[in-house]
Structures are given as structure tokens and as C-alpha cells.
Amino acid sequence: MRTNRLILILTVIVAGMMASCDSYKGKVEDLATQFVTAYNEGDKAAVYDIWPEVKTLENLSISGTIGDDNDVSVEKDDSTGNYIATISELKKQRLVFSVDSTGNVGITDAYGVFRLDSIASEVALKAGVPLKKLSDVTLSNLMNPNSDFVNDLKLEKGTNNLWANYGAYSWGHNSSGYYASMDFNVRNNSSHLVKGSDYFLVVTPKRESTGETYNTKTVDGIDIAPGEIREFNVSAPSFYSFASKRDLSYKVEIKYRTESILAFLLNYSTFEGNEYEDYMAHPCRAKVKANGKFLTTSAEKKGIAYAYKEMSEKSPVVDTLYHRQQIQAIWETEKWASIYDNNYALIGYVNRDNIDTTGELLALDLTPAKLKSDDGSPVKVFKLYDDGVVKTYPPGTEVYLQFYSRGQMVVYERQADGSMKEIGYVTSDCIDYGDDEAL
């Protein structure tokens with residue numbers, strides 16, 4: 001008798017649970033029908049009332065119509081516990097519902113229901129994002145300007161199409177009185193013309209001895225062709241006394257006028273079509289990648305650090321890295337970081353004690369060349385312009401150069417440990433580029 005009673009009780013419980021599940025399915029169907037009706041009528045308030053969270057996804061919008069509210073069908077996904085409301089089988093339009101712990105039913109995602117804004121959509125298409133396969137929420141988050149994926153595109157494609165080489169300044173006296181000028185160059189590193197109307201420059205002067213900064217000066221951009229270097233001169237007569245005492249410094253910031261980073265990428269980047277696939281192969285690189293430089297304090301290592309095949313000094317050395325060499329690194333453990341080449345292929349593992357991310361990177365864009373002189377005399381390298389000879393070289397000496405300002409080149413020497421050491425400045429007429437054209 002007790003057994004029969006127990007079976008009866010269990011049967012009633014199971015029947016109640018099935019009824020409860022069915023009631024959720026009915027709620028989902030009702031909500032989905034209301035949603036489709038509101039959407040097709042363009043009633044945004046009703047749409048956002050049914051799914052409040054979607055309102056925060058600013059790059060998604062309501063567009064056109066979605067199926068027929070009489071054609072909504074609901075099935076439960078047993079693997080997730082969610083309910084899937086199919087609006088249009090042909091267009092693969094679906095709503096995803098979930099039931100919370102209190103029994104409330106709500107939409108958590110959708111497929112093919114909302115439209116991604118046009119710029120984000122174009123960038124996604126060029127980058128190979130499978131728009132038809134990803135959910136609306138996934139697409140919105142993926143193409144958010146602050147997302148890991150977009151940050152990754154910024155790192156790969158760069159907002160560094162323009163690069164400012166600054167620090168030089170001049171001063172003097174002419175018929176108009178005393179003058180000072182901050183002289184710098186901007187180089188276009190991209191393969192696209194950068195229009196002057198798309199950017200401007202912000203120059204911030206500083207008195208070197210006190211660290212005091214002064215009002216910024218804004219300079220309009222000018223068109224710069226691919227690989228071209230353009231010179232800018234910002235007049236600053238009020239800083240004559242600082243300049244004449246070599247007590248002036250400044251920084252230059254490049255600001256883009258485009259409304260968003262996505263618009264910038266769309267206008268100035270070349271896409272291969274595999275960026276999304278590549279990103280998915282390295283899903284964490286944008287979030288935790290650190291642009292660093294190697295510093296070695298151990299005298300035994302003579303300014304070098306080793307990359308190992310595994311996270312152990314006992315594993316084989318796969319590469320040698322030099323003082324101040326730029327790297328891409330991901331923190332793996334408290335002791336180890338993995339490092340990658342420019343194509344994000346794994347090189348090996350480095351002890352994190354050898355990585356410094358606190359300082360500003362040394363951004364070198366060096367050109368090998370030989371020094372020359374018309375009369376065969378030693379080539380003089382100056383501290384700055386014609387101020388103080390710091391070293392002389394025989395004609396024909398091979399050095400590495402960085403374009404500076406007003407015909408000046410910064411001379412670097414490669415050291416025994418492979419690092420580059422800044423020596424001083426020479427004028428462009430002392431440079432023999434061989435078959436290559438001068439910068």
C-alpha cells in the first residue's frame with residue numbers, strides 16, 4: 001500500500017513539473033508574439049519594455065519587419081535550458097528566452113532581429129566576421145569600439161598611421177624681434193593618403209627645469225601621402241628665453257576627427273578578410289598583451305634576456321632578446337610571460353623580471369646608411385644641430401638613422417649586445433643612401 005501511495009505522489013509531482021514547463025513555454029510564446037507585433041509596428045517603447053537590456057546596445061537598431069506574429073514557434077533547448085522562439089525559419093530569425101530562479105521569463109539574445117550600424121557592419125564584413133552565424137548580442141559586443149576585438153584591430157591596423165617625431169626647436173632674432181619655434185615632423189606609415197581634414201595636432205610646451213606645462217597649441221593637419229614626411233613649425237616667441245637656455249621641451253599628440261575608431265579603421269586600414277579568424281585563434285591577446293621593453297640588470301647576462309621553449313630555465317633557449325627590444329607579451333604566471341612576434345606567432349617564454357612596461361617605449365624606425373663627406377674629411381656628429389661635436393667617423397662608416405627635423409638625422413650605432421645606442425645628429429648632406437632615396 002505504501003509503495004502504491006509513493007508512486008502516486010511521484011506521479012503527481014512529475015505531472016506538476018511538466019505542467020510548469022509547459023506554462024513557461026506558453027509564456028515564451030506570448031512574449032515572443034508581443035515582441036514581434038511591437039517590432040513590426042515600429043513601437044520601440046514596447047520592444048524595449050519587453051527586452052530592456054537591448055536598449056543599452058547602442059550599435060543595434062530596429063529595422064524593417066521580422067516575420068509574422070502568427071508564425072512564432074517555441075522549442076526548449078535541453079542542453080541550455082533556454083527556450084528558442086523561431087520567428088522566421090527562412091531568415092533564421094530567433095529569440096532566446098531564459099527562466100530565472102524566481103520563474104520570470106525574459107529575452108537574453110536574438111539572431112537576425114536587430115541591425116548592426118552601418119560602419120560597424122562594414123568593418124565586420126571586411127574583417128571576415130560571420131554576421132549570419134553570430135547572435136545579435138555577440139555582434140554588438142564584438143563590434144563595440146571598446147571591445148577586445150576592435151582594440152585588437154587598432155593594434156594590428158594601427159591608429160599609428162601617423163607618427164610624430166618631435167623635440168627639436170629653434171630660436172633667434174630677426175627684423176621682427178626675438179622668435180622661437182617648435183619644429184617637428186609627421187610621417188605617414190600607412191599605405192593610404194591621410195587627409196589633413198581628418199586629424200589635427202596638439203602641441204603642449206613644457207619648461208624642462210621645472211616641469212611646468214603651458215597652454216596647448218592646436219595645429220591643423222595637412223595631407224600626407226603614404227611614406228611621406230611633412231614638417232611642422234609652431235611659432236612660440238614667448239618661449240624664446242626658455243629655448244635659448246635649452247630649457248624647453250614639448251610633446252605632440254595626433255588627434256583624429258573621425259567620429260569613431262571604427263570609422264578610422266574603415267577609412268584607413270587594409271583588411272585581409274581573416275582578421276576575425278585570426279583573432280579567435282588568439283582570443284586574449286588584445287586584453288592582456290603588453291608592449292614592453294627588455295631590461296636586464298644581471299651583469300652575467302650582459303644586457304640580454306633568453307626566451308625558453310617552456311616555462312623553465314631548464315628548457316631549450318629558443319631566442320635571445322636585447323636591452324630595450326620591443327616585444328609583445330602575455331602574462332602566463334606570476335613568474336613567466338609568453339612572447340610573440342609581429343604576426344602573433346609564439347616565440348617562447350621569458351622570465352617576467354626581464355620585462356619592463358613602466359616606461360615609454362623607444363619607438364625606432366631606423367634606416368641603415370653610410371656617412372660621407374665631399375672632401376674625405378671625418379664626418380662630425382653633433383649634440384644638436386651644430387652644437388658640440390660628440391664623435392667623428394671616417395667616411396663610409398655604416399650607421400643607422402632616424403629622421404629628425406630640418407635636414408637633421410639622428411645617428412645610432414648597433415652595440416655588441418645588439419641594442420641601438422643614440423650618438424648624436426648629422427645633416428642630410430653627410431648621408432650616403434646608396435641606391436635608396438633619402439628620407
Side-chain angles (χ1 to χ4, degrees), residues 15-125 127-150 259-260 262 276 280:
M17 291 176 64
M18 292 179 65
S20 174
C21 290
D22 288 343
S23 69
Y24 289 141
K25 189 173 180 179
K27 289 180 181 178
V28 168
E29 189 170 343
D30 289 342
L31 271 177
T33 300
Q34 293 174 36
F35 181 91
V36 172
T37 299
Y39 190 105
N40 288 341
E41 292 177 352
D43 189 348
K44 293 182 180 180
V47 169
Y48 295 145
D49 186 54
I50 297 171
W51 189 8
E53 291 78 12
V54 77
K55 188 176 182 179
T56 64
L57 304 177
E58 297 179 357
N59 54 4
L60 294 182
S61 62
I62 294 173
S63 176
T65 60
I66 49 170
D68 190 326
D69 52 14
N70 294 320
D71 294 334
V72 174
S73 62
V74 178
E75 296 294 336
K76 185 177 181 181
D77 182 350
D78 292 327
S79 64
T80 63
N82 293 331
Y83 290 85
I84 310 300
T86 300
I87 301 167
S88 170
E89 186 65 42
L90 180 64
K91 295 182 178 180
K92 306 296 183 184
Q93 293 173 325
R94 307 188 299 279
L95 295 171
V96 180
F97 290 80
S98 65
V99 182
D100 65 21
S101 58
T102 61
N104 292 319
V105 176
I107 304 175
T108 56
D109 210 340
Y111 288 81
V113 173
F114 290 88
R115 175 179 289 181
L116 190 65
D117 77 53
S118 59
I119 293 178
S121 182
E122 283 193 65
V123 173
L125 282 170
V129 176
L131 295 174
K132 298 295 185 182
K133 295 182 179 180
L134 301 182
S135 76
D136 294 353
V137 172
T138 299
L139 279 173
S140 175
N141 292 332
L142 183 75
M143 300 310 298
N144 184 294
N146 297 315
S147 72
D148 289 346
F149 178 57
V150 174
E259 62 271 26
S260 71
L262 290 172
Y276 175 76
M280 293 306 292

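Numbers here simply count residues along the sequence, with the first being 1. When reading the values below, keep in mind they use all heavy atoms of this one structure, side chains included, and skip hydrogens, waters and symmetry mates. A quick note: this is a predicted structure, and the numbers were derived from the prediction, not measured.
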[X] side chain vs [Y] backbone, donor-acceptor pair below 3.5 Å:
| X | Y | value |
| --- | --- | --- |
| Asp109 | Val137 | yes |
| Glu75 | Ile84 | no |
| Tyr39 | Lys44 | no |
| Ser140 | Asp136 | no |
| Asp77 | Tyr83 | no |

If you take all heavy atoms of Val105 and Tyr24, which pair is closest and at what distance?
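Scanning both residues, the minimum pair turns out to be CG2-CD2, 4.1 Å.
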
Ser121 pairs by side chain to side chain contact (heavy atoms under 4.5 Å, CB included) with which of Leu131, Asn59, Val129?
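The passing option is Leu131.
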
Gap between atom [atom2] of [Y] and atom [atom1] of [X] - 0.5 Å precision:
| X | Y | atom1 | atom2 | value |
| --- | --- | --- | --- | --- |
| Arg115 | Leu139 | CZ | CG | 13.5 Å |
| Asp100 | Thr108 | CG | OG1 | 11.0 Å |
| Met143 | Glu122 | CE | CD | 10.5 Å |
| Phe114 | Leu57 | CZ | CG | 8.5 Å |
| Ile66 | Asp71 | CD1 | CG | 12.0 Å |

Does the side chain of [X] reach to within under 4.5 Å of the side chain of [Y], using non-hydrogen atoms?
| X | Y | result |
| --- | --- | --- |
| Leu116 | Leu60 | yes |
| Phe149 | Asn141 | no |
| Ile87 | Leu95 | yes |
| Phe97 | Asn82 | no |

Verdict with reasoning, Thr86 to Ser73, per side chain to side chain contact (heavy atoms under 4.5 Å, CB included)
CA-CA 5 Å; Thr86 300; Ser73 62; 3.7 Å; yes

Name the orientation class of the two ring planes belonging to Phe35 and Trp51 (parallel below 30°, tilted from 30 to 60°, perpendicular beyond 60°).
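Judged by the thresholds at 30° and 60°, the geometry between Phe35 and Trp51 is tilted.
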
